[in-house]
Participant: 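Could you have a look at this structure, given as structure tokens, before my questions?
All values reported here derive from a predicted model rather than from experimental measurement. Convention: sequence-line order gives letters A, B, ...; per-chain numbering from 1.
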Amino acid sequence: MCLANSVVVLDFETTGLSPDNGDRAIEIGAVKIVDGEIVDSFQELMNPGRRVNSFIEQYTGISNKMLLDAPSCEAVMTRFASFIGEFNLVAHNASFDKKFLDAEFERIGHQYRGQFACSLLLSRRIHQDAPNHKLGTLVEYHQLPNDGVFHRALADATMTGYLWLQQLETIKQHQPQQAVTFDKIKKITSMTKAKVMDYIKLIQK
DNA sequence: TGCCAGGCCCTCTTTAGGGCCTT
């Protein structure tokens with residue numbers, strides 16, 4: 001049985017939206033959660049081998065100058081592979097981060113065993129009353145700890161980690177006799193919204 | 001700034017279209 005309270009929560013900053021269009025990672029941030037506590041973190045800039053456009057510089061605060069002396073994606077991703085080990089993985093809109101993780105790992109010939117879960121899909125199901133499911137909105141909605149920094153990898157990964165723990169607590173409150181396993185989370189996120197409400201009676205906040 | 005992508009999900013749907021999310 002694999003509990004959902006021991007995971008690695010990760011977030012990429014990238015040059016764009018699609019590795020299929022040649023976009024690369026420029027920063028990876030992650031927190032390691034064990035038994036519901038953040039016990040470790042990872043953050044590194046990486047040089048994508050190309051200039052990032054002005055929008056990305058402004059959006060992330062990561063400048064071309066900052067990336068000039070950063071280690072290569074390959075070097076950083078090799079260290080990140082060691083960091084995640086065989087942990088299951090969580091990200092906000094995981095399909096996006098999984099694309100980049102798969103693309104960057106493919107470049108170094110690394111395969112990982114962990115499964116992915118998505119805090120955005122989970123939020124859409126168990127907090128259907130939220131104004132929207134953007135990370136920033138959910139941080140404010142749930143009054144999660146934050147330092148006011150957004151769109152940097154470790155900051156976003158840390159906030160997503162707190163969001164994940166909040167989501168596990170919501171599920172646990174309504175099924176206190178059952179362990180919240182990673183498989184249960186995957187099951188909930190694969191349900192329709194209507195079925196989730198039948199499966200688990202939810203408080204709204 | 002929101003074009004570029006793509007998965008998810010809703011509906012005035014399924015022979016489709018468009019909004020939500022991520023950078």
Participant: Remember a base hit wins even if backbone is also touched, and classify A:D11 as base, sugar-phosphate or nothing at under 4.0 Å, heavy atoms.
Facilitator: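 It contacts sugar-phosphate atoms only.
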
Participant: I'd like to check A:L135 versus A:F150 (side-chain heavy atoms, cut-off strictly below 4.5 Å). Are they in contact?
Facilitator: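 A side-chain contact is absent here, since even the closest heavy-atom pair is not under 4.5 Å.
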
Participant: Would you classify A:I26 as touching base, sugar-phosphate or nothing, given that sugar-phosphate means primed atoms plus P, OP1 and OP2, and contacts are heavy atoms under 4.0 Å?
Facilitator: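 Nothing, no nucleic acid heavy atom in range.
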
Participant: Side chains of residues 151-160 of chain A: which donor-acceptor partners sit under 3.5 Å, not counting sequence neighbours?
Facilitator:
unit_1, atom_1, unit_2, atom_2, d
A:H151, ND1, A:Y59, OH, 3.3
A:R152, NE, A:E27, OE1, 3.0
A:R152, NE, A:E27, OE2, 3.3
A:R152, NH2, A:E27, OE2, 2.7
A:D156, OD1, A:H151, N, 3.0
A:D156, OD2, A:H151, N, 3.3
A:T158, OG1, A:L154, O, 2.7
A:T160, OG1, A:D156, O, 2.7

Participant: Given side chains that start at C-beta, do those of A:L101 and A:F80 come closer than 4.5 Å, heavy atoms only?
Facilitator: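 A side-chain contact under 4.5 Å exists here.
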
Participant: Pick the closest DNA chain B nucleotide for A:L121 and for A:T60 by heavy atoms, then say which residue is nearer the 5' end.
Facilitator: A:L121

Participant: Select from A:D20 and A:L120 the residue whose nearest nucleotide in DNA chain B is closer to the 5' end of that strand.
Facilitator: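 Looking at DNA chain B, the more 5' nearest nucleotide goes with A:D20.
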
Participant: By the 4.0 Å heavy-atom rule, please label A:F100 as base, sugar-phosphate, or nothing.
Facilitator: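 No contact.
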
Participant: Students often get this wrong, so: under 4.0 angstrom with heavy atoms, is A:D156 touching a base, only sugar-phosphate, or nothing?
Facilitator: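 The residue A:D156 makes sugar-phosphate contact but no base contact.
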
Participant: Heavy atoms only, 4.0 Å cut-off, all strands: where does A:N132 land among base, sugar-phosphate and nothing?
Facilitator: sugar-phosphate

Participant: Can you measure A:F116 atom CZ to B:dG7 atom C1' for me and round it to whole angstrom units?
Facilitator: 14 Å

Participant: Could you check if a side-chain atom of A:R79 sits within less than 4.5 angstrom of a side-chain atom of A:P71, using non-hydrogen atoms only?
Facilitator: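 Yes, close enough: below the 4.5 Å cut-off.
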
